[in-house]
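The structure under discussion appears below in the form of structure tokens.
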Number of protein chains: 2
Amino acid sequence: MSAPSERLAPRAWRGYFEGSRLLENELERRMKTATGLDLGDFNVLLVLSEAEGCRMRMGDLARQLAFAPGRLTYRIGALERDGLVAREASAADRRGTDAVLTGAGRTRLRTARPVHARHVEELFLGGLDDEALAVLDRVFGPLRSRLLDDCRDAPEPPR
Amino acid sequence: MSAPSERLAPRAWRGYFEGSRLLENELERRMKTATGLDLGDFNVLLVLSEAEGCRMRMGDLARQLAFAPGRLTYRIGALERDGLVAREASAADRRGTDAVLTGAGRTRLRTARPVHARHVEELFLGGLDDEALAVLDRVFGPLRSRLLDDCRDAPEPPR
DNA sequence: TCCAATTCTTTCAAATTCGAACGATCAGTG
DNA sequence: CACTGATCGTTCGAATTTGAAAGAATTGGA
């Protein structure tokens with residue numbers, strides 16, 4: 001018998017859905033005007049910077065960013081033209097390509113990261129108490145893991 | 001001195017950011033295959049259905065959906081071709097256009113809504129307890145309101 | 001070893017989205 | 001009333017994203 005959920009769930013969902021979209025738009029806008037980087041490209045650099053040797057297989061990168069494969073190819077192409085990322089043939093698997101963060105990429109990221117952190121703090125984290133942070137961590141962490149796993153296991157949906 | 005926040009905040013943010021993006025992708029994918037509607041178009045219909053007289057000014061609709069104006073024009077054009085939405089000149093302001101939900105639009109929404117609700121339940125709400133729902137509501141509701149207000153007041157960002 | 005199925009990335013065309021500019025209308029002021 | 005600046009929605013070209021297909025390489029089993 002979960003009485004409060006029934007009333008709360010729809011409202012919580014709508015608030016979350018619309019709020020998170022507005023938040024992402026605003027972060028995108030600020031990132032672009034403040035650093036000249038797309039939020040998407042920033043995340044490419046960020047995820048790469050955290051990988052072993054600042055390099056990652058295209059496929060893994062695409063999955064973690066929730067990018068369609070063609071999109072990542074296109075985006076890495078742009079970052080490569082700007083010198084922020086390089087492509088290298090994958091050592092183990094000749095089909096594969098690694099995206100590698102360049103020195104310029106690291107520098108660019110070093111500049112952009114604190115700016116983005118400030119935006120996130122101002123728009124979102126700054127208003128949260130410890131309970132909220134704990135809930136977010138406990139809710140979205142597992143959600144993220146689960147959805148990541150799903151798209152590894154299920155290239156084709158069952159049935 | 002808010003000790004836990006310092007450790008928790010970055011992880012909570014990453015989980016939230018990546019998780020919410022993966023979630024939206026999955027909802028989009030399922031909505032499209034299950035009902036043939038974009039998640040974006042579905043939301044257009046949904047928001048319209050909740051408005052007075054199932055009609056709304058283009059601008060208000062765009063703001064609530066976090067759509068750029070040109071995007072809404074394009075999207076309403078598609079929905080109009082499908083007969084789900086109609087355009088009518090706004091009564092009070094001759095510059096304005098109202099988007100109006102048609103009967104077919106209502107019918108389509110009636111079909112799609114429970115499907116979407118099931119997806120949301122399966123992927124997200126189903127895993128949440130009352131505390132999580134309460135926190136989401138308390139965090140994202142105000143965030144949404146604040147960001148909506150901001151884009152009304154501040155066509156140009158102050159400094 | 002050879003083959004078929006699978007995986008990985010890219011390519012390509014079509015659809016979508018963005019950003020700036022535009023024409024039309026409105027509101028406030030003189 | 002005329003004027004100025006703001007607002008509204010659309011349009012337009014460019015950039016991006018998608019989804020499907022192709023090409024290259026790997027894998028596992030016969």
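We name chains A, B, ... by the order of the sequence lines, and we start the count at 1 in each one.
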Applying ring-ring contact (aromatic ring centres under 6.0 Å, His included), which residue pairs with at least one partner in residues 11-65 of chain A are found, sequence neighbours left out? Trp13(A)-Tyr16(A), Trp13(A)-Phe17(A), Trp13(A)-Phe124(B), Tyr16(A)-Phe140(A), Tyr16(A)-Phe124(B), Tyr16(A)-Phe140(B), Phe42(A)-His116(A)
Residue pairs, two or more places apart or on separate chains, that pass ring-ring contact (aromatic ring centres under 6.0 Å, His included) and touch residues 75-105 of chain B: none
Is a side-chain donor or acceptor of [X] paired with a backbone partner of [Y] at a separation under 3.5 angstrom?
X: Asp60(B); Y: Met56(B); value: no
X: Thr102(B); Y: Leu84(B); value: yes
X: Arg106(B); Y: Leu45(B); value: no

Apply side-chain contact (heavy atoms from CB on, under 4.5 Å) to Arg118(A) and list each qualifying residue two or more places apart in sequence or on a separate chain.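 side-chain contact (heavy atoms from CB on, under 4.5 Å) list for Arg118(A), sorted by chain: Val115(A), Glu122(A).
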Minimum-distance pair of heavy atoms, taken over all atoms of Ala66(A) and Arg21(B): CB-CG, 3.8 Å
Which heavy atom in Leu147(A) sits nearest to a heavy atom in Gly19(B), and how many Å separate them?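 Result for this residue pair: CD1-O, 4.2 Å.
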Near DNA chain D, under 4.0 Å by heavy atom, which residues of residues 37-59 of chain A?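 Residues of residues 37-59 of chain A under 4.0 Å from DNA chain D: none.
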Looking at DNA chain D, which of residues 74-92 of chain A put a heavy atom within less than 4.0 Å of it?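 By residue number: Tyr74(A), Arg75(A).
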Compare side-chain N and O positions of Arg95(A) against OP1 and OP2 of dA25(D) and report whether any pair is under 4.0 Å apart.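 Arg95(A) to dA25(D) OP1/OP2: no side-chain N or O under 4.0 Å.
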d([atom1], [X]; [atom2], [N]) in whole Å:
X: Glu28(A); N: dT17(C); atom1: CD; atom2: P; result: 14 Å
X: Leu72(A); N: dT16(D); atom1: CG; atom2: C1'; result: 14 Å
X: Asp98(A); N: dC8(C); atom1: CG; atom2: P; result: 13 Å
X: Arg71(B); N: dT16(D); atom1: CZ; atom2: P; result: 16 Å
X: Arg29(B); N: dT18(D); atom1: CZ; atom2: P; result: 14 Å
X: Glu24(A); N: dT17(C); atom1: CD; atom2: P; result: 14 Å

Nearest-nucleotide wise, let me know which of Thr73(B) and Gly70(A) is further upstream toward the 5' end of DNA chain D. Thr73(B)
With sequence neighbours excluded, give me every side-chain hydrogen bond (donor to acceptor under 3.5 Å, both in side chains) pair touching residues 67-83 of chain B.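 Every side-chain hydrogen bond (donor to acceptor under 3.5 Å, both in side chains) pair that includes a residue of residues 67-83 of chain B, provided the two are not neighbours, is Asp41(B)-Arg75(B), Glu80(B)-Arg87(B).
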Select base, sugar-phosphate, or nothing to describe what Arg94(A) touches, counting heavy atoms under 4.0 Å on all strands. sugar-phosphate
With a non-hydrogen cut-off below 4.0 angstrom, is Thr97(A) in contact with a base, only sugar-phosphate, or nothing? sugar-phosphate
Kindly point out which of dC8(C), dT11(D), dT9(C) is positioned nearest to the side chain of Asp93(A)? dC8(C)
